[in-house]
**Q** 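This is the structure, below, for whatever I ask next.
If you're wondering where the values come from, they're calculated on a predicted model, not measured in any experiment.
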Amino acid sequence: MSRYSAAEIEAKWQSAWDEAGIFRAERSRDKPKYYVLEMFPYPSGRIHMGHVRNYTMGDVIARYRLATGHSVLHPMGWDAFGMPAENAAMASGGHPKDWTYGNIADMRGQMKPLGLSIDWSREFATCDPEYYGQQQALFLDFLEKGLVYRKNAVVNWDPVDMTVLANEQVIDGKGWRSGAEVEKRELTQWFFKISDFSEELLEALDGLENWPAKVRLMQENWIGKSRGIEIPFERTDAGAPLVCYSTRPDTMRGASFIAISPEHPVSRELAQDNPELEAFIAETRKMDTTEAAMEKAEKKGIDTGITVRHPVWPERELPVWVGNFVLMDYGTGAVFGCPAHDQRDLDFARKYGLEVRNAFYLPGQEKDVETEALVPAKTETVIYIDHFAGIGEATSQEGIDATIDWFEAKGLGTGQVKYRLRDWGLSRQRYWGCPIPVVHCDTCGVVPEKKENLPVELPYDEGGTPIDFSIPGNPLDRHPTWRDCKCPSCGADARRETDTMDTFVDSSWYFARFTAPDAQTPTRMEDAEYWMNVDQYIGGIEHAILHLLYSRFFARAMHICGHLPEKAIEPFDALFTQGMVTHEIYRTKDDKGRPVYHLPEDVTDGKLADGTPVQIIPSAKMSKSKKNVVDPVNIIDAFGADTARWFVLSDSPPERDVEWTAAGAEAANKFLGRVWRKAHELAERRDAGVVDLDRSLQEIMDAYELGVNQYDDELMRALHKTIDEVTKGVESFGFNAAIARIYGFFNQLSKTQASASTQWRSMRVLAQLMSPMTPHLAEEVWSMLGGEGLVVDTPWPVADEAMLADDSVTLPIQVNGKRRAEISVPKDMDKAEVEKRALAHEAVARSLDGAQPKKVIVVPGRIVNVVV
RNA sequence: GCCCGCGUGGUGGAAUGGUAGACACAGGAGACUUAAAAUCUCCAGGCCGAAAGGCCGUGCCGGUUCGAGUCCGGCCGCGGGUACCA
């Protein structure tokens, strides 16, 4: 071989690793364990650059930990249930199971060439009955412990297709296939009691020191703890008081109306003999169920005609409205409207001619609210207007606290801590998911299936013919025989639950299953005890809230049921959230002005082959419909896996989005070629007898003494700095910085006049440093240069502290914050002497132009700033 | 709407509050070559200047600081999440 050939090298070293069984995770007594996990993929059929990026990062960590003497668990599996499989079956007539397993085989085939250090013996898919059967066992345990319950909840209903729609399937309030106006429908569904853990999940966030602060903050806000008060408002008619919840009771004086949810019992009751109200409630039922849609929708209301008395000033009667913006799920489903201090209430009041009355002013700005509500932060000071608790100037927080205390003392209200977090509805009216293992019996009601009857398996066909997915609705519902079963309790004829579980359930415990994928129970305690927790979890920021919060809940619930040790209730010790891989979009318009997308290979210099100019939209998330997906398989075929790996790690910091460019991949390949050639050249010189091979590398490194030769000294110092920086880079996800340092060092190595022996040593260390990122090339270089065994098995190099320190430093000198000169001084020179030398500098003197410095700031080893 | 991020040369990006633009791409000049490819060397934020050097510059406006890309406040733009996409 006379030039770098990734194809030859990569196949060779992958078989070498396989033969050595290096990536099989084994419990070890004398090594520390390390569990590194990347969020497992949905088997869409093709891997994309985002996968390559995600798994390469995990692989760098896993290989680094192997080199630092850890027993490493690095598994892979498939998040295999979900809607795309059913959609594919609807579109092209296949079966979700065949589609999914076919995709898994394809994707595994695309991932294997990447040379990831994965223990493939632990692989599973969540649609394997062995996996979801254990999930059903978990469900039954949760049921027994009261962690699951049933209640009514609202779903999107497509009245034409007669099917439940996911939020994603509702477009502008219409069903995505039928185009029919979507309605809301109430169904009895299963819920996990995650809300019981609100406080715990919130408090434990503080302990997650190795999670990004932004993720913890997002979870904190999602859980949404607030202190407020429930206040009953007496009705002027005979009805029971309306209880409102407020987190800003200090604005009570400004209360001018009550708004209740359309779902509120009072709304429903009044609607019975008020057709106008009934129509209004029906109208609000057509809205999307998403929070975003509700918040953005026009705020509308209708006056119920009933009134309540203000609890502090009973002579004031407030009208009660039904408002489409009031959520039944949060608080009490009733709020008091205070237009002066809430923009939404103000808009509502202006629209319907309701009173606007200030409860406080800002100091020095004693004017009434007109078009913009006055909403102070809780720490901001305001001046209350005839506040009943007798406070005047105070912060909002003090106002809130005083109000709650006053109401409680008078027996007019109750202070309450509430959370925004709602229970997790897990029922899905779909086929391709884990069946909920319960049975409905006419005499016994809802009965859990017996554990020995698990798994409750999905039927593949219906009466001998494969299930037809072109018929809308849930195939489990209409299946001729699957529903029929015996009641586990009384033995009478009964019906299976036909709802399946949310796919978030599948991904809420897979990390625990990886510790013992063959166990006959959900986990095996001794394995969970050994491998948990996940030391480093890596995945997309889009999972910052739901997946990660659900997993934290699941780990707690599994601990309660005896499936995880207590230390695992926070299952992910460290979390890293990576950015997306993006690509330009190329767009033209057809004659009706509709967008038409083009593949990157069809566009040259911003034009199509026929010369039509193309609009280029930068940095969009890769998606099939926009035709901007770059298939990593093409890159691997053209340049090899190491090039793809090197590229996805090199240019962009891993937490940020990365733009895919073809040129970037070529550049990566070019560099790897240079490294290969350098090793090849040194090997040739070794063969010619120039290089001494007698001693091991670490011995030579340890024995190296400075001063033999200045070029050797320079190179060795640079090498140790490189070891230090690459090590730090790998440990802190600074892969791009580590790679820049490797470039820098290699450029220096290419130009050095150091001895062949020193170059040879440096090159071997460089192979070690590159091995987590480009493992195949590293093995090749290692072996060319006579390294013993496999580099993947070789201990990580350690930088010598003594080689890191420089004797002198270059200090920039600023005059009034602008750089004017620099001086080179011994590292430990004292401040006064540095100051003297700085002021003596000719450029500084010129800059001062005779002026006397007022102050000179010397930051040792950093900078000098002369202030005039 | 709400919550959380991000914004730096032609491009990707670097920079514990301390020399803004490391490293790389694209570009320019040169070497090698009959030529091209490949490879190698050098140049390169903008403006002014022959040069020395000067001025400007990290989305916009303001603040803190001897010193701000970095910290604080207010905007603008883009992205993620928003509970049934995974």
Side-chain angles (χ1 to χ4, degrees), chain A residues 3 39 41-42 44 79 81-84 153 155-156 164-170 194 212-215 217-222 224 289-297 299 325 329 343-344 420-430 502-504 506-507 540-547 549-550 577 579-580 582 618-621 650-653 655-661 663-664 666-668 670-671 673-674 677 734 736-737 739-744 747 750-751 810-814 816-822 843 846 854-857 859 861-868:
Chain A
R3 52 189 218 103
M39 291 179 186
Y42 178 79
S44 59
D79 189 12
F81 277 133
M83 291 201 306
V155 294
N156 300 308
V164 175
L165 297 177
N167 285 333
E168 193 189 47
Q169 298 171 315
V170 179
I194 190 171
K214 62 179 170 185
V215 174
L217 189 56
M218 278 190 261
Q219 292 215 354
E220 183 181 328
N221 290 334
W222 186 261
T289 54
T290 66
E291 188 192 330
M294 309 243 296
E295 285 289 334
K296 270 193 273 191
K299 307 300 177 283
F325 52 90
D329 286 336
Q343 191 61 43
R344 186 187 61 194
R420 205 185 75 100
L421 181 64
R422 309 199 296 257
D423 277 334
W424 170 15
L426 68 118
S427 299
R428 296 292 180 271
Q429 296 70 41
R430 272 182 256 288
D502 179 8
T503 56
F504 271 119
D506 313 335
S507 54
I541 185 67
E542 67 270 23
H543 295 293
I545 295 172
L546 294 180
H547 163 62
L549 193 61
Y550 290 158
T577 52
M580 295 180 304
T582 62
S619 289
K621 184 176 176 173
S650 59
D651 265 2
S652 213
E655 68 277 12
R656 215 181 310 177
D657 292 351
V658 62
E659 171 93 10
W660 175 268
T661 60
E666 277 167 36
K670 202 167 93 177
F671 177 72
R674 283 175 70 198
R677 278 197 304 279
N736 53 329
I739 283 177
R741 180 70 214 194
I742 288 173
Y743 269 105
N747 288 342
S750 303
K751 285 173 207 162
T810 303
L811 290 184
I813 305 165
Q814 297 182 332
N816 284 340
K818 284 186 188 295
R819 194 185 74 94
R820 294 297 175 193
E822 59 182 40
R846 184 162 12 102
K854 275 190 207 137
K855 193 162 144 191
V856 179
I857 291 148
V859 184
R862 280 285 173 196
I863 204 166
V864 180
N865 192 8
V866 181
V867 187
V868 188

**Q** What is the minimum heavy-atom distance between A:Thr577 and A:Pro212, and which atoms define it?
**A**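 Closest approach of A:Thr577 to A:Pro212, heavy atoms only: OG1-CG, 3.9 Å.
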
**Q** Which dot-bracket string describes RNA chain B (Watson-Crick N1-N3 plus N6-O4 or O6-N4, or G-U N1-O2 and O6-N3, all under 3.5 Å; [ ] crossing; | other strand)?
**A** (((((((..(((.....[....))).(((((.......))))).((((....))))..(((((..]....))))))))))))....

**Q** What's the CD1-P distance between A:Ile739 and B:A24, to the nearest Å?
**A** 12 Å

**Q** Tell me the interatomic distance from A:Glu291, atom CD, to B:A83, atom P, rounded to whole angstroms.
**A**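 A:Glu291 atom CD is separated from B:A83 atom P by 6 Å.
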
**Q** Atom CD of A:Glu655 to atom P of B:G80: distance rounded to whole Å?
**A** 17 Å

**Q** Using a cut-off of strictly less than 4.0 Å, decide whether A:Thr290 has a side-chain nitrogen or oxygen near OP1 or OP2 of B:U82.
**A** no

**Q** Do the side chains of A:Ile857 and A:Val864 get nearer than 4.5 Å, heavy atoms only?
**A**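 SC-SC contact between A:Val864 and A:Ile857 ruled out.
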
**Q** Take A:Leu421 and A:Leu549 through the test side chain to side chain contact (heavy atoms under 4.5 Å, CB included) and record every step on the way to the result.
**A** CA-CA 10 Å; A:Leu421 181 64; A:Leu549 193 61; 3.9 Å; yes

**Q** For A:Pro812 and A:Glu822, work out which heavy atoms get closest and say how close.
**A** CA-CB, 4.0 Å

**Q** Could you tell me the separation between the CZ atom of A:Phe504 and the C1' atom of B:C84, rounded to a whole number of Å?
**A**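 After rounding, the reported distance stands at 9 Å.
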
**Q** Sequence neighbours excluded, which residues qualify as side chain to side chain contact (heavy atoms under 4.5 Å, CB included) partners of A:Asp79?
**A** A:Phe40, A:Thr126, A:Asp506, A:Ser507

**Q** With rounding to whole Å, what would you report as the distance between B:G54 and B:C60 at their C1' atoms?
**A** 27 Å

**Q** Nearest whole Å is fine: how far is B:G1 C1' from A:Glu295 CD?
**A**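 The distance from CD of A:Glu295 to C1' of B:G1 comes to 5 Å, rounded to the nearest Å.
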
**Q** Is there any protein nitrogen or oxygen under 3.5 Å from a nitrogen or oxygen in nucleotides 66-76 of chain B, and what are the pairs?
**A**
{"residue": "B:C66", "atom": "O2'", "partner": "A:Asn865", "partner atom": "ND2", "Å": "3.3"}
{"residue": "B:C66", "atom": "O2", "partner": "A:Asn865", "partner atom": "ND2", "Å": "2.6"}

**Q** Once each nucleotide of nucleotides 3-10 of chain B is scored for protein heavy atoms under 4.0 Å, what B/S/- sequence comes out, 5' to 3'?
**A** SSS-S---

**Q** How does each nucleotide of nucleotides 39-46 of chain B score, in 5' to 3' order, for protein heavy atoms under 4.0 Å: base (B), sugar-phosphate only (S), or none (-)?
**A** SSS-----

**Q** Is A:Leu421 touching bases, backbone alone, or none of the nucleic acid, heavy atoms closer than 4.0 Å?
**A**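 Here A:Leu421 touches the bases of the nucleic acid.
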
**Q** Please determine whether a side-chain nitrogen or oxygen atom of A:Thr503 lies at a distance below 4.0 Å from atom OP1 or OP2 of B:A86.
**A** yes

**Q** Counting the atoms with a prime plus P, OP1 and OP2 as sugar-phosphate, which does A:Gln169 contact under 4.0 Å by heavy atoms, base, sugar-phosphate, or nothing?
**A**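 Counting heavy atoms under 4.0 Å across all strands, no contact is made by A:Gln169.
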
**Q** For B:G7, does the O4'-C1'-N9-C4 (purine) or O4'-C1'-N1-C2 (pyrimidine) torsion place it in syn, i.e. within 90° of 0, or in anti?
**A**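 For B:G7, whose glycosidic angle is more than 90° from 0, the conformation is anti.
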
**Q** Is there a donor and acceptor pair closer than 3.5 Å between the side chain of A:Arg420 and the base of B:U82?
**A**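 When only heavy-atom distances are counted, A:Arg420 does not reach the base of B:U82 through any donor-acceptor pair under 3.5 Å.
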
**Q** Of the nucleotides B:A24, B:C84, B:G13, which one has an atom closest to the side chain of A:Asn736?
**A** B:G13

**Q** Rounded to whole angstrom, note down the P distance from B:U19 over to B:A36.
**A**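 Straight-line distance between the two P atoms is 44 Å.
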
**Q** Ignoring hydrogens, what is the shortest heavy-atom contact between A:Ile194 and A:Asp423? Give both atom names and the distance.
**A**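 Result for this residue pair: N-OD1, 3.1 Å.
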
**Q** Heavy atoms, side chains only, cut-off 4.5 Å: are A:Ile541 and A:Val215 in contact?
**A**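 They are in contact (side-chain heavy atoms under 4.5 Å apart), so the answer is yes.
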
**Q** Applying a 4.0 Å non-hydrogen cut-off, can you work out what A:His543 is touching in the nucleic acid: base, sugar-phosphate, or nothing?
**A**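 Base contact.
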
**Q** Can you tell me, in whole Å, how much space there is between the P of B:A50 and that of B:G57?
**A** 24 Å

**Q** Which is true for A:Val155 with a 4.0 Å heavy-atom rule: it touches a base, it touches only sugar-phosphate, or it touches nothing?
**A** base

**Q** Give me, pair by pair, the N or O atoms of the protein and of nucleotides 51-59 of chain B that are less than 3.5 Å apart, along with how far apart they are.
**A**
{"residue": "B:G54", "atom": "OP1", "partner": "A:Arg820", "partner atom": "NH1", "Å": "3.3"}
{"residue": "B:C55", "atom": "OP2", "partner": "A:Arg820", "partner atom": "NH1", "Å": "3.3"}
{"residue": "B:C56", "atom": "OP2", "partner": "A:Lys818", "partner atom": "NZ", "Å": "3.4"}

**Q** Go nucleotide by nucleotide along RNA chain B from the 5' end; which of A:Glu822 and A:Ala737 gets its closest nucleotide reached first?
**A** A:Ala737

**Q** Answer whether the closest heavy-atom distance between the side chains of A:Ile742 and A:Phe671 falls below 4.5 Å.
**A** yes

**Q** Of the non-hydrogen atoms in A:Arg430 and A:Val164, which two are nearest, and what is the gap between them?
**A** NH1-O, 3.8 Å

**Q** Between B:C4 and B:C42, how far is it from one P atom to the other, in whole Å?
**A** 49 Å

**Q** Under a 4.0 Å threshold between the charged nitrogen and the carboxylate oxygen, would A:Arg420 count as salt-bridged to A:Glu291?
**A**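 Yes.
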
**Q** Tell me the closest heavy-atom pair linking A:Trp424 and A:Asp502, and the distance in Å.
**A**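 Reported closest heavy-atom pair: NE1-OD2, 3.0 Å.
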
**Q** If you measure from the P atom in B:A68 to the same atom in B:C61, how many Å do you get, rounded?
**A**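 Between the two P atoms, the distance is 15 Å.
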
**Q** Any donor-acceptor pair under 3.5 Å between the side chain of A:Arg741 and the base of B:C23?
**A**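 No, no donor-acceptor pair under 3.5 Å.
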
**Q** To the nearest 0.5 Å, tell me how far A:Arg344 CZ sits from A:Glu295 CD.
**A**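 If we round to the nearest 0.5 Å, A:Arg344:CZ and A:Glu295:CD are 6.5 Å apart.
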
**Q** Could you check whether A:Gly744 gets within reach of a base, just the sugar-phosphate, or nothing at all, counting any heavy atom under 4.0 Å?
**A**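 No contact.
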
**Q** Side-chain contact, heavy-atom cut-off 4.5 Å: A:Asn747 with A:Arg674?
**A**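 Counting from C-beta outward, A:Asn747 and A:Arg674 do come under 4.5 Å.
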
**Q** For atom P, what is the distance between B:G7 and B:G13, given to the nearest Å?
**A**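 Each nucleotide's P atom is 9 Å from the other's.
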
**Q** Figure out the NZ/C1' separation between A:Lys296 and B:U82, and round it to whole Å.
**A** 10 Å

**Q** Looking at B:C84, B:A24, B:G80, which one has an atom nearest to any side-chain atom of A:Asp502?
**A** B:C84

**Q** Which is true for A:Pro653 with a 4.0 Å heavy-atom rule: it touches a base, it touches only sugar-phosphate, or it touches nothing?
**A**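 Sugar-phosphate contact only.
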
**Q** Less than 4.0 angstrom between a side-chain N/O of A:Arg422 and OP1 or OP2 of B:A83, yes or no?
**A** no

**Q** Would you check if the side chain of A:Lys296 reaches a backbone N or O of A:Met294 as a donor-acceptor pair within less than 3.5 Å?
**A** no

**Q** What are the two closest non-hydrogen atoms of A:Ile863 and A:Leu811, and how far apart are they?
**A** N-CD2, 3.9 Å

**Q** I'd like the C1' distance from B:G12 over to B:G1, given in whole Å.
**A**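 These two C1' atoms come out 34 Å apart once rounded.
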
**Q** As a test of reading the structure: which of B:C84, B:U19, B:G81 is closest to the side chain of A:Ile863, going by heavy atoms?
**A**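 Side chain of A:Ile863 sits closest to B:U19.
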
**Q** For B:G53 versus B:C66, give the span between their P atoms, rounded off to a whole number of Å.
**A** 30 Å

**Q** Whole-Å distance between B:G80 C1' and A:Gln219 CD?
**A**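 A:Gln219 atom CD is separated from B:G80 atom C1' by 15 Å.
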
**Q** Can you tell if the side chain of A:Phe504 reaches within under 4.5 Å of the side chain of A:Leu426, non-hydrogen atoms only?
**A**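 Counting from C-beta outward, A:Phe504 and A:Leu426 never come under 4.5 Å.
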
**Q** Applying a 4.0 Å non-hydrogen cut-off, can you work out what A:Ser650 is touching in the nucleic acid: base, sugar-phosphate, or nothing?
**A** nothing

**Q** Base, sugar-phosphate alone, or nothing: which one does A:Ala544 contact when heavy atoms must sit under 4.0 Å apart?
**A** nothing

**Q** Taking atom P of B:A26 as reference, at what distance in whole Å does atom CD of A:Glu666 sit?
**A** 8 Å

**Q** Which part of the nucleic acid, if any, lies within contact of A:Phe671, taking any heavy atom under 4.0 Å across all strands shown: a base, the sugar-phosphate backbone alone, or nothing?
**A** nothing

